[in-house]
Amino acid sequence: MKKVRVRFAPSPTGYLHIGGARTALFNWLFAKKYNGSLILRIEDTDTERLKEDSVSQILSSLKWLGIDWDEGPEKGGDFGPYFQSQRQELYTKAAQTLLKENKAYHCFCSVEDIEEERQKQRQEGTPFRYPGKCRNLSPEEVKARLEQGLSSVIRIIGPDAGQVLVEDIIRGPVSFESEQFDDFIIMKSNGTPAYNFACVVDDNAMQISHVIRAEEHLSNTPKQCLIYRALEYEIPLFAHLSMILAPDRSKLSKRHGATAVGEFQEMGCLPEALVNYLTLLGWSPLEEQSEIISPAQTIPSFSLEKVSKTAAVYDVQKLIWLNGQYMTTYDLESLTLQTIPFFIQAGLITSLEVGEKREYIRDVVSTVRERVRTLGELAEASRYFFQDIVSYDEKGLEKYFLKQEGVEALLAKGRECLTTLDRFDVESVESAYRQLMDDLKIKGGVIIHPTRLALTGRTVSPGLFEVMALLGKRKCLERLDKAIELIRISFEKD
RNA sequence: GGCCCCAUGGUCAAGCGGCUAAGACGUCGCCUUCUCAAGGCGAAAUCAGGGGUUCGAUUCCCCUUGGGGCUACCA
């Protein structure tokens, strides 16, 4: 088998969204499986739609996901440059070749002329095809017009009969009637190549063996095949990945909430979880494999033949669930590292405090992580470990502080038993409280719930004794005092 | 409109002529429990419709319907 060389070729017109990320991922998995190379190529021929920073955003999203490339921006390689805007010569040369061989021609029709023709044909109900007006211009005529400085595009001469057959690894053979292809534009009037042309020239020059891309390009493929043929290039293998759709089955867009990789990052997804989720979108593990699967486990059994033909609606819930799974099993140190920015963002710590509080932060992460699903949630659920209680959960306040008989005395008893403790770890605190419950002949919940409310301001938290140990004796006593005081005052008012 | 692709529960999906049609998320019960998660057990829920082919179709073919894509001097 020929050396596997695949490419991911984003257009820098915006952020990397999950569809693009999935395409990149599948290319990457495929390259890894066959020990091939992944080439990253930036398709920046449309200068008008370029977005500032887009390239760096895309690169950083890919890096964050752990999808690395063997050749491309920041890496270089033997087939560079990897920006189409820097490969102009290649396209010009290829177009000249076609011109010379009479497989393409200059067309001087104006955009207006074409538009008029388009309207006319639409009214007649026929699909638009360029009528070929400039096809038979004499060389002299062309030369003269060019010298006059008339604006022109270059069109390839389309086939007039037969079929174009595209062999797709995922879909099998797909055939198109040649007659539907007109003399389409390969070089725009500003001298830059049209997408289909640049793509073919580059895939050939970069010796791409497999073109793995989104399904939206399937209809472009016969045109590209025509170009391959004209240029006498060898045609690579194609694999068109089905689209990823928004929950309403429409094309992904900003109005569908988070769709950009960066947005998932910001809400506190772990890159491994997103990659795992994306892996499952269109590909499924072997029966004996878990759905919680790392690329290393995916690669050996990955194959394009197994990729689904059906468009997939993405489901944030499953992604979030996966993320929660990763949260609990993740390496504690790296989880802590990734959590810190979220703590800072939430105002729990300042960046200056990171060093001194590092261990405490890690301990908080360690106890809170298994009941939250994202880093964002983790930060929110950790607030009372860093900040004093400013308010109590409303329902909890009612139920445990105001309506529960003798709660004030109960909290005081708890407080008292804490003061006697020398050690303040989970075991010591718990056994002290268990003893108290025995003495008082009460069930755990009776004292645990109000105490939780006093210490966290919430009705939901990790195990109470873990919370206490982590908070430390001083804070526990303070917060109990504060709660006792609050309860006293509200009863005096009555 | 034309051309192309696709069609299994709400979602991701396994299946590739004969199965009580896997599994996961979600939903709903129950268990466990100091709350919430997690975990365990269980339940409801799918072959879009119609024709063929065949002894037999979720599976193969055709039509309809639905969804998506392309139809640009966007990629």
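By convention in this document, chain letters (A, B, ...) are assigned in the order of the sequence lines, proteins followed by strands, and residues within each chain are numbered from 1.
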Only distances under 3.5 Å count here; give the side-chain donor-acceptor pairs of residues 149-158 of chain A to other protein atoms, sequence neighbours excluded, each with its distance to 0.1 Å.
| residue | atom | partner | partner atom | Å |
| --- | --- | --- | --- | --- |
| A:R155 | NH1 | A:D183 | O | 2.7 |

Need one value for [X]: base, sugar-phosphate or nothing, where a base atom within 4.0 Å counts as base even if backbone is also close, heavy atoms only.
X	answer
A:R171	sugar-phosphate
A:S461	base
A:L464	base
A:N220	base
A:Q180	sugar-phosphate
A:P462	base
A:V174	sugar-phosphate
A:R249	sugar-phosphate
A:S284	sugar-phosphate
A:S219	base
A:K443	nothing
A:R118	sugar-phosphate
A:S151	nothing
A:H240	nothing

With both distances under 3.5 Å as the test, what is the Watson-Crick or G-U wobble partner of [N]?
N	answer
B:C3	B:G69
B:C60	B:G52
B:G9	none
B:C41	B:G29

Mind checking what makes salt bridge (Lys or Arg N to Asp or Glu O under 4.0 Å) contact with [X], not counting sequence neighbours?
X	value
A:R229	none
A:D248	A:R255
A:K306	none
A:E416	none

Within residues 15-22 of chain A, residues whose heavy atoms come under 4.0 Å of RNA chain B: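 The stretch gives none, as no residue of it lies under 4.0 Å from the strand.
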What parts of residues 320-328 of chain A reach RNA chain B, counting only heavy atoms under 4.0 Å away?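 Those residues whose heavy atoms fall under 4.0 Å from RNA chain B, taken from residues 320-328 of chain A in numerical order, are A:W321, A:Q325.
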Side chain to side chain donor-acceptor pair (under 3.5 Å) partners for [X], two or more places apart:
X	result
A:Q163	none
A:Q88	A:T92
A:Y326	A:N276

A:E179 versus A:R129, closest heavy-atom pair with distance: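 Closest pair (atom of A:E179, atom of A:R129, distance): O-NE, 2.8 Å.
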Could you go step by step and tell me if A:V407 and A:L411 meet the side-chain contact (heavy atoms from CB on, under 4.5 Å) rule? CA-CA 6 Å; A:V407 67; A:L411 290 177; 4.3 Å; yes
Tell me, do A:L65 and A:L25 make a side-chain contact under 4.5 Å, heavy atoms counted?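 No, their side chains stay 4.5 Å or more apart.
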Could you tell me how far [M] sits from [N] if I compare only their [atom1] atoms? Round to whole Å.
N	M	atom1	result
B:G9	B:C5	P	22 Å
B:G56	B:A13	C1'	26 Å
B:C60	B:C16	P	11 Å
B:G23	B:G66	C1'	27 Å
B:U32	B:A37	C1'	13 Å
B:U53	B:C70	P	39 Å
B:C63	B:C3	P	12 Å
B:G68	B:U35	C1'	46 Å

If you assign each of A:T13 and A:R452 to its closest nucleotide in RNA chain B, which residue comes earlier from the 5' end?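 The residue closer to the strand's 5' end, by nearest nucleotide, is A:R452.
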Let me know, please, whether A:T310 or A:V460 comes out on the 5' side of the other along RNA chain B by nearest nucleotide.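 It is A:T310 whose nearest nucleotide is closer to the 5' end.
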Would you please name every residue forming a side chain to side chain contact (heavy atoms under 4.5 Å, CB included) with A:R373, sequence neighbours left out?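 Applying side chain to side chain contact (heavy atoms under 4.5 Å, CB included) to A:R373 gives A:I320, A:E377.
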Taking the six-membered ring of A:Y105 (Phe, Tyr or Trp), confirm whether the NZ or CZ of A:R135 is under 6.0 Å from its centre and within 45° of its axis.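 Relative to the ring axis of A:Y105, which defines the angle, A:R135 lies outside at least one limit.
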Are A:Y91 and A:D202 close enough that a side-chain donor and a side-chain acceptor fall under 3.5 Å?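 Indeed, the side chains of A:Y91 and A:D202 share at least one donor-acceptor pair under 3.5 Å.
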At the 4.0 Å heavy-atom cut-off to chain A, mark where contacts on RNA chain B begin and end, going 5' to 3'.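 Extent of the interface on RNA chain B: B:G1 to B:A75.
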